[in-house]
Amino acid sequence: MDAADAAPHQQHGYSPNKEAYLLRLKRIEGQVRGIARMVDEDKYCIDILTQVAAVTKALHAVSLGLVEEHIGHCVVGAAAEPDAALRAEAIDFKVKEATDAIGRLLR
């Protein structure tokens, strides 16, 4: 079982906050376009780096929110699996997903 196996109609942990995530990502997208414009206009490198740091921080905030949503919804949902034999496997899988995602964020 992997992320591709998830049903397309399945509600994800972030679903209740989807609009807020999309709004935040659109703002980040605008910031990235602004950085590209700064490079195109030969702005001072430290000013560009400051903006890159701001975008990085904003993306980390989105990432942490998604990790929290995954744990609160997906991992907790796996723990609610009524079949005890499937429950342990589902919990292990969802925790491994979260751990792997956190590992990718820390690289």
Side-chain angles (χ1 to χ4, degrees):
M1 175 187 340
D2 63 16
D5 292 334
H9 62 278
Q10 176 184 7
Q11 184 173 7
H12 300 288
Y14 64 84
S15 294
N17 299 310
K18 182 177 178 176
E19 292 305 316
Y21 280 115
L22 288 172
L23 183 62
R24 185 82 184 260
L25 289 168
K26 286 177 196 251
R27 270 191 245 128
I28 293 168
E29 182 181 17
Q31 286 178 285
V32 171
R33 281 194 306 270
I35 293 169
R37 192 170 36 255
M38 291 174 77
V39 170
D40 186 51
E41 294 171 357
D42 296 317
K43 298 294 182 185
Y44 186 55
C45 51
I46 296 302
D47 293 339
I48 296 169
L49 288 169
T50 299
Q51 293 306 309
V52 169
V55 167
T56 301
K57 184 176 177 182
L59 283 171
H60 280 143
V62 169
S63 298
L64 287 174
L66 290 169
V67 167
E68 184 176 359
E69 304 271 10
H70 176 73
I71 292 168
H73 180 267
C74 302
V75 175
V76 169
E81 168 62 47
D83 183 330
L86 294 177
R87 184 181 319 123
E89 181 182 341
I91 292 169
D92 288 345
F93 179 78
K94 293 299 180 181
V95 168
K96 176 87 168 94
E97 277 184 326
T99 303
D100 291 347
I102 293 166
R104 287 189 299 273
L105 290 171
L106 295 176
R107 284 189 213 145

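For clarity, every value in this text was computed on a predicted model and none was experimentally measured.
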Salt-bridged, Asp92 to Lys96, with N to O below 4.0 Å?
-> no
Pairing of Lys94 and Glu97 as salt bridge, 4.0 angstrom limit = yes
Go through the steps for Lys18 and Leu22 under the test side chain to side chain contact (heavy atoms under 4.5 Å, CB included), then give the verdict.
-> CA-CA 6 Å; Lys18 182 177 178 176; Leu22 288 172; 4.1 Å; yes
Please round to the nearest 0.5 Å and tell me the distance separating atom NE2 of His70 and atom CD1 of Ile102.
-> 8.5 Å
Point-to-point distance, once rounded to the nearest 0.5 Å, from CE of Met38 to CG of Leu49 | 9.0 Å
Separation between CD1 (Ile35) and CG (Asp47), nearest 0.5 Å, reads 11.5 Å
In the single-linkage hydrophobic clustering (I, L, V, M, F, W, Y; side-chain heavy atoms under 4.5 Å), do Val95 and Tyr14 co-cluster?
-> no
Please report the shortest heavy-atom distance between Gln31 and Ala54, naming the atom on each side.
-> NE2-CB, 4.0 Å
Report, as yes or no, whether the 6.0 Å neighbourhood of atom CD on Glu68 holds more than 12 heavy atoms from other residues, nucleotides or ligands.
-> no
Are Phe93 and Val67 in one and the same hydrophobic cluster, where Ile, Leu, Val, Met, Phe, Trp and Tyr link if side-chain heavy atoms are under 4.5 Å apart?
-> no
Same apolar cluster: Tyr21 and Ile71, side chain cutoff 4.5 Å = no
Treating Ile, Leu, Val, Met, Phe, Trp and Tyr as nodes and any side-chain heavy-atom pair under 4.5 angstrom as an edge, say whether Val39 and Val32 lie in one connected cluster.
-> yes
Shared hydrophobic cluster for Val55 and Leu25 (ILVMFWY, side-chain gaps under 4.5 Å) | yes
Value rounded to 0.5 Å, distance of CZ in Arg24 from CG in Leu59 | 8.5 Å
